[in-house]
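As the structure is a prediction and not an experimental result, all values here were calculated from the model. Quick note on labels: first sequence line is chain A, next is B, and so on, each numbered from 1.
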2 protein chains.
Amino acid sequence: MGRWQPDARGRLALAAVDLYSERGYDATAVAQIAERAGLTERTFFRHYPGKREVLFAGSELQNRLVTNVRDAQLCTGPMDAVARALEATGSFFEELGPMARARQELIDANPELHERELTKLAALAAALADALRARGVGDPAADLTAEAGVAVFKVAFNRWVHTDNATTLTQTLRETFAALRHITADHAPSPR
Amino acid sequence: MGRWQPDARGRLALAAVDLYSERGYDATAVAQIAERAGLTERTFFRHYPGKREVLFAGSELQNRLVTNVRDAQLCTGPMDAVARALEATGSFFEELGPMARARQELIDANPELHERELTKLAALAAALADALRARGVGDPAADLTAEAGVAVFKVAFNRWVHTDNATTLTQTLRETFAALRHITADHAPSPR
């Protein structure tokens with residue numbers, strides 16, 4: 001697994017995670033993050049709107065996922081398209097290495113960051129549903145596949161990040177999609 | 001379907017939805033909500049910590065769901081337990097009648113309320129996962145079943161509230177759980 005070679009954007013994210021972990025999120029100022037990264041405050045604001053956003057991948061992850069769903073082969077079913085798209089982003093997080101865990105601990109410990117993460121995931125589900133509809137998937141299948149896919153992602157990511165990356169995120173995603181299949185297959189329709 | 005007979009708590013919620021719809025969420029003060037409900041501001045704050053919380057059912061829905069999962073028969077599988085628990089809360093929302101839709105339109109239009117809703121749903125998933133673990137369900141099945149159940153709930157609720165309640169929420173939940181089963185059954189494991 002190749003280590004992340006950070007550019008300015010990446011160096012700022014790394015510095016932010018370090019400082020938030022050392023001093024706390026609230027006690028850290030943008031100027032300190034820029035200084036730690038060896039950059040100016042102006043450069044920080046060219047890359048991120050504020051100290052909260054520095055922890056989130058912005059639109060990059062979402063764009064990649066939407067492209068993957070859009071480009072999936074025509075014969076691919078909706079859940080397969082979403083599963084493959086999510087699995088293909090595993091390396092995106094794996095490249096972050098130990099920073100991924102430090103980042104998640106910060107998010108879990110801070111309600112404001114946690115809210116932001118939930119909003120990001122909801123936006124991701126909405127974008128995936130739109131990409132499925134663009135493939136001709138109807139409703140509620142499009143929304144449902146997207147929401148279920150994001151549910152799998154949340155659970156898999158949480159497992160991966162808290163088990164010291166013993167398996168790859170991609171593999172954890174595969175296992176969690178398989179687990180969803182087993183769990184729902186066991187589910188019987190409710191009696192009327 | 002019996003119409004909702006509001007107590008003080010319910011009258012405040014109804015007044016809030018009315019005023020937020022008429023004047024906007026930001027332009028409405030707690031004092032105005034209390035006045036519209038024929039109650040005092042002090043009574044408002046006995047029931048709700050603020051103007052945001054008046055739109056959310058508080059811990060009532062979550063407690064009901066957790067109790068339902070806890071009390072499900074021992075032989076019931078995890079997804080069945082969650083599906084039945086969620087279906088059993090359908091009447092909770094159905095009793096709100098047209099207010100349910102007005103409330104949802106407010107939430108969808110206001111980022112702050114939308115964030116709050118996502119936080120509530122995440123807490124609901126965590127509580128359901130705990131209830132499943134208390135039944136002896138392992139991980140990741142507990143988290144996954146809870147997250148997938150809440151994903152179904154989100155999609156079903158959204159459908160129900162935007163289709164003028166043509167079918168009951170309970171029935172919409174059943175159909176959406178069945179749709180998840182079909183979607184995941186079609187999903188093939190990814191090639192290694």
Side-chain angles (χ1 to χ4, degrees), chain A residues 76-84 86-88 111-112 114-123 125 129 137 139-156 158-159 170-192, chain B residues 76-84 86-88 111-112 114-123 125 129 137 139-156 158-159 170-192:
Chain A
T76 310
M79 190 56 108
D80 283 337
V82 167
R84 304 279 159 81
L86 285 165
E87 288 162 14
E112 185 192 337
H114 189 230
E115 274 199 355
R116 186 68 193 135
E117 185 182 43
L118 294 173
T119 307
K120 285 286 213 181
L121 288 170
V137 177
D139 278 317
D143 283 324
L144 189 55
T145 308
E147 290 286 353
V150 169
V152 166
F153 182 80
K154 276 175 77 173
V155 173
N158 193 51
R159 265 179 79 203
T170 309
Q171 181 58 22
T172 310
L173 279 161
R174 278 187 193 137
E175 289 168 12
T176 313
F177 272 107
L180 179 66
R181 209 161 52 245
H182 290 299
I183 287 165
T184 51
D186 281 345
H187 165 59
S190 301
R192 302 294 159 107
Chain B
T76 310
M79 190 55 107
D80 283 338
V82 166
R84 304 278 159 80
L86 284 165
E87 288 162 15
E112 184 191 339
H114 188 230
E115 275 200 353
R116 185 68 193 133
E117 186 183 44
L118 293 173
T119 307
K120 285 286 213 182
L121 288 170
V137 177
D139 279 316
D143 283 324
L144 190 55
T145 309
E147 291 286 352
V150 168
V152 167
F153 182 79
K154 277 175 77 173
V155 174
N158 192 51
R159 267 178 77 201
T170 308
Q171 181 58 23
T172 311
L173 279 162
R174 278 187 193 137
E175 289 167 10
T176 313
F177 271 107
L180 179 67
R181 208 161 52 245
H182 290 299
I183 287 165
T184 52
D186 281 344
H187 166 58
S190 303
R192 302 293 159 108

(Q) Minimum heavy-atom separation for A:Ala148 and B:Ala151, please, with both atom names. (A) N-CB, 4.1 Å
(Q) Just so I understand: if I count every heavy-atom pair under 4.5 Å between each of A:Leu121, A:Leu118, A:Thr176 and chain B, which residue has the most? (A) A:Leu118
Q: Sort out for me which of B:Leu144, B:Val82, B:Asp143 touches chain A most, counting heavy-atom pairs under 4.5 Å.
A: B:Leu144
**Q.** Rounded distance (nearest 0.5 Å) linking atom CD of B:Glu147 with atom CD of A:Glu147
**A.** 10.5 Å
Q. Any idea which heavy atoms bring A:Thr184 and B:Met79 closest together, and the distance?
A. CG2-CE, 3.7 Å
